[in-house]
Amino acid sequence: MKGAKVNLKTYGEIGNSKKNADFTLEETLLTHYDALANKSQAVARKYFEENLHGLNGFKHLMVEEAIQEYLIEIRANVPFPGPSWGEEKFTFIDLFAGIGGFRMALQNLGGKCVFSSEWDKAAKQTYRLNYGDIPFGDITKQEIQKLIPQKFDILCAGFPCQPFSRAGVSARNFLGLQHGFDHPTQGNLFFEIIKIAAKHQPQVLFLENVKNLKSHDGGNTFATIERMIKEIGYSFFSKIINAETEVPQRRERTYMICFKNPQINFEFPDFKGISKKLKDYLEESVPNNYTISDAMWTGHIKRSKRNKDRGTGFTVSLADLNRPSNTIVARYYKDGKECLVPQLDQNPRMLTPRECARLQGFPETFKFHPSKKSAYQQFGNSVAVPVISKIGKQIIESLHL
Ligand SMILES: C[S@@+](CC[C@H](N)C(=O)[O-])C[C@H]1O[C@@H](n2cnc3c(N)ncnc32)[C@H](O)[C@@H]1O
């Protein structure tokens with residue numbers, strides 16, 4: 001039976017002829033099979049039985065065994081499958097997973113991802129391509145939250161920053177102990193994290209957000225976050241860190257580390273040192289189509305001049321190759337204005353997706369999305385992996401894992 005191919009059609013897969021189809025819940029359940037509770041495993045098993053093509057090789061096998069073989073095959077065909085069951089040092093969940101910047105870093109530290117959630121189809125495709133798992137969708141949905149395994153060690157989330165200024169709200173109210181589910185803050189993504197953390201009580205919450213989370217709404221937003229995390233029984237350590245000593249990119253982000261154990265006095269690792277130089281991370285030969293057009297270059301110059309005269313807004317400048325680049329953002333694909341590489345006797349060029357992957361510290365074997373626009377957006381949204389690795393290492397040491 002060994003070597004028999006399990007051919008299961010997967011809807012959201014890149015290259016699937018059903019062009020606009022997304023991955024189904026059942027397909028997603030299958031890739032998380034070993035971490036699921038019995039009931040969800042039964043749903044995955046039924047789907048597997050019903051959709052298995054080329055059954056010949058498996059006729060005599062127990063379905064359970066066939067599923068395990070299917071999972072082994074998936075893992076064998078992706079560059080970053082992570083540790084196998086039983087080999088992990090710790091477990092974590094990957095919320096707002098994007099393309100798995102947290103996952104990449106924590107897997108390398110020996111962690112096993114037992115649940116991931118991301119609702120964007122293209123990001124799910126990139127995730128699947130690299131780690132084998134298909135992330136579950138909308139995390140605000142109760143039926144998705146129910147699938148999170150009861151026990152895991154670390155909750156990771158680079159959650160989108162939505163405006164909220166409910167300085168008066170308490171975790172107690174929010175969790176329905178007093179006001180029930182019609183609370184005005186319901187639906188804010190940070191509160192979903194609170195709900196999940198309060199229910200599952202992992203050892204650590206490892207959160208990331210934009211730099212100005214700290215100053216948003218005069219500090220009210222951040223104060224609410226800190227207070228609510230403490231109210232559900234966690235300590236709270238935070239720091240703004242610039243990634244430029246780890247990757248060739250100025251990227252300042254707020255990191256929040258919260259422990260269940262009040263005895264742990266966490267200290268962030270040191271991010272001092274020499275900044276990385278962009279020139280050491282550029283590809284040697286880049287096709288001409290990355291060079292920006294005359295129209296776009298002239299537009300940049302005109303807009304910059306206008307803004308300079310007014311003293312407001314963005315002014316374009318060529319990247320200094322001896323320094324880190326500006327922060328890469330999701331909209332970079334539009335005109336590359338955050339980082340334009342100077343070229344001899346030509347208009348400047350945009351970074352390639354591979355160079356953006358390097359700016360975020362993803363390994364060379366990381367597979368990016370075939371749509372250039374999606375690839376740029378995904379790297380712009382992601383975390384700088386080496387920063388997460390360095391903080392993650394310190395977390396693991398603090399927990400003595
Ligand atoms: C800032 S990005 C996080 C990127 C990630 N840390 C990485 O390394 O790639 C936030 C992600 O949350 C996803 N997202 C937003 N709302 C969501 C929801 N309700 N359920 C699941 N994912 C969601 C977005 O599609 C986006 O990819």
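Counting starts at 1 for both ligands and their atoms, following the listed order.
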Can you name the atoms of ligand 1, numbered from 1 with element, that are less than 4.0 Å from a heavy atom of [X]?
X	value
Leu189	16 (N), 19 (N)
Asp120	25 (O)
Ser382	7 (C), 8 (O), 9 (O)
Ser117	21 (C)

Any donor and acceptor pair, going by atom type alone, linking the side chain of [X] with main-chain N or O of [Y] inside 3.5 Å?
X	Y	result
Gln394	Glu267	yes
Gln107	Pro83	no
Thr31	Ile134	yes

- Only heavy atoms count here, so choose which of Gly158, Pro160, Ala97 is nearest to atom 7 (C) of ligand 1. Ala97
- Partners of Asp153 by salt bridge (charged side-chain N to carboxylate O under 4.0 Å, His left out), sequence neighbours excluded? none
What protein heavy atom lies closest to [atom]? Include the residue and the distance to one decimal.
atom	result
atom 20 (N) of ligand 1	Ile139 N, 3.1 Å
atom 3 (C) of ligand 1	Phe96 O, 3.3 Å
atom 11 (C) of ligand 1	Glu118 OE1, 3.5 Å
atom 8 (O) of ligand 1	Gly101 N, 3.0 Å
atom 9 (O) of ligand 1	Ile99 N, 3.0 Å
atom 14 (N) of ligand 1	Trp119 NE1, 3.6 Å

- Ion pair Glu355/Arg349, N-O distance below 4.0 Å: yes
- Query: Does ligand 1 have an atom that lies less than 4.0 angstrom from a heavy atom of Gly137?
  - Reply: yes
Below 3.5 Å, N or O to N or O, backbone or side chain included: is there any such pair between [X] and ligand 1?
X	answer
Asp138	yes
Phe102	no
Asn381	no

- With sequence neighbours left out, write down each residue that passes ring-ring contact (aromatic ring centres under 6.0 Å, His included) with Phe152, or none if nothing qualifies. His200
- Is the distance between the ring centroids of Phe115 and Phe136 under 6.0 Å? yes
Test item: side-chain donor near acceptor, [X] and [Y], under 3.5 Å:
X	Y	result
Lys124	Thr28	no
Gln360	Gln249	yes
Glu226	Ser238	no

- Region of Ala123 engaging ligand 1 - heavy atom pairs below 4.0 Å: neither
